[in-house]
Amino acid sequence: VPSAPAAPASVVPRKPGQSVNVRIRAMHSELDARYRDMVRRRTETVSRAGGGRVGYLHLPDMERTGYSEFWRHYAAEVRKGALLVDL
């Protein structure tokens with residue numbers, strides 16, 4: 001656990017005969033993680049409901065973030081035959 005909100009911490013998981021250093025940094029906000037989880041859940045739901053033949057693409061806005069999200073997911077989702085675009 002960090003000693004200060006912005007201070008990183010190191011954790012050493014102990015396994016027989018080895019150790020691994022892991023650097024942990026607290027997130028400024030959990031909003032990005034929640035957003036990614038929401039998109040992942042909706043993508044899985046659409047894929048399951050469409051029998052793997054329908055893609056899902058969420059665009060949070062029509063600016064830089066939305067443009068980034070579009071290009072991050074478009075190539076994988078458009079190959080499925082149909083595409084549900086959530087604006």
Side-chain angles (χ1 to χ4, degrees):
V1 176
S3 58
S10 290
V11 176
V12 181
R14 300 199 186 266
K15 296 180 183 178
Q18 70 181 43
S19 66
V20 178
N21 287 325
V22 179
R23 190 165 172 88
I24 299 173
R25 193 169 43 123
M27 293 172 47
H28 177 70
S29 168
E30 66 181 37
L31 291 177
D32 286 340
R34 287 181 181 263
Y35 171 75
R36 297 269 176 237
D37 188 52
M38 178 206 68
V39 171
R40 181 191 52 78
R41 282 184 283 117
R42 289 182 181 180
T43 301
E44 290 171 357
T45 300
V46 169
S47 182
R48 196 170 35 254
R53 296 174 301 171
V54 180
Y56 173 81
L57 185 61
H58 180 264
L59 300 179
D61 58 39
M62 299 303 244
E63 296 181 15
R64 186 178 306 180
T65 304
Y67 185 77
S68 295
E69 289 299 308
F70 177 82
W71 289 111
R72 181 175 291 124
H73 300 286
Y74 177 77
E77 298 299 314
V78 75
R79 294 187 180 117
K80 295 182 180 178
L83 184 61
L84 185 127
V85 180
D86 185 358
L87 300 175

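- The shortest heavy-atom contact between Thr65 and Pro60 is CG2-CG, 3.7 Å.
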Are Leu83 and Tyr74 close enough, and set up right, to give a side-chain contact (heavy atoms from CB on, under 4.5 Å), and what steps lead you there?
-> CA-CA 9 Å; Leu83 184 61; Tyr74 177 77; 4.2 Å; yes

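- Cluster annotation: Leu87 and Tyr56 are assigned to distinct hydrophobic clusters (Ile/Leu/Val/Met/Phe/Trp/Tyr, side-chain heavy-atom contacts under 4.5 Å, transitive).
- Note: Ser47 OG to Glu77 CD = 7.5 Å, rounded to the nearest 0.5 Å.
- Ion pairing between Arg41 and Glu44 fails under the 4.0 Å rule for side-chain N and carboxylate O.
- Interatomic distance, CG of Leu31 versus CZ of Arg36, reported as 12.5 Å (0.5 Å rounding).
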Quick one: do Arg40 and Asp37 satisfy side-chain contact (heavy atoms from CB on, under 4.5 Å)? Show the steps, please.
-> CA-CA 5 Å; Arg40 181 191 52 78; Asp37 188 52; 2.4 Å; yes

Step by step, work out the side-chain contact (heavy atoms from CB on, under 4.5 Å) result for Leu84 and Arg42.
-> CA-CA 11 Å; Leu84 185 127; Arg42 289 182 181 180; over 6 Å; no

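- Trp71 and Val85 fall within a single hydrophobic cluster, where Ile, Leu, Val, Met, Phe, Trp and Tyr side chains are chained together by heavy-atom contacts under 4.5 Å.
- The environment of Asp61 atom CG is dense: over 12 non-hydrogen atoms of other residues, nucleotides or ligands sit within 6.0 angstrom.
- Qualifying ring pair (Phe, Tyr, Trp, His ring centres under 6.0 Å) partners for His58, counting only residues two or more places apart in sequence or in other chains: Tyr35.
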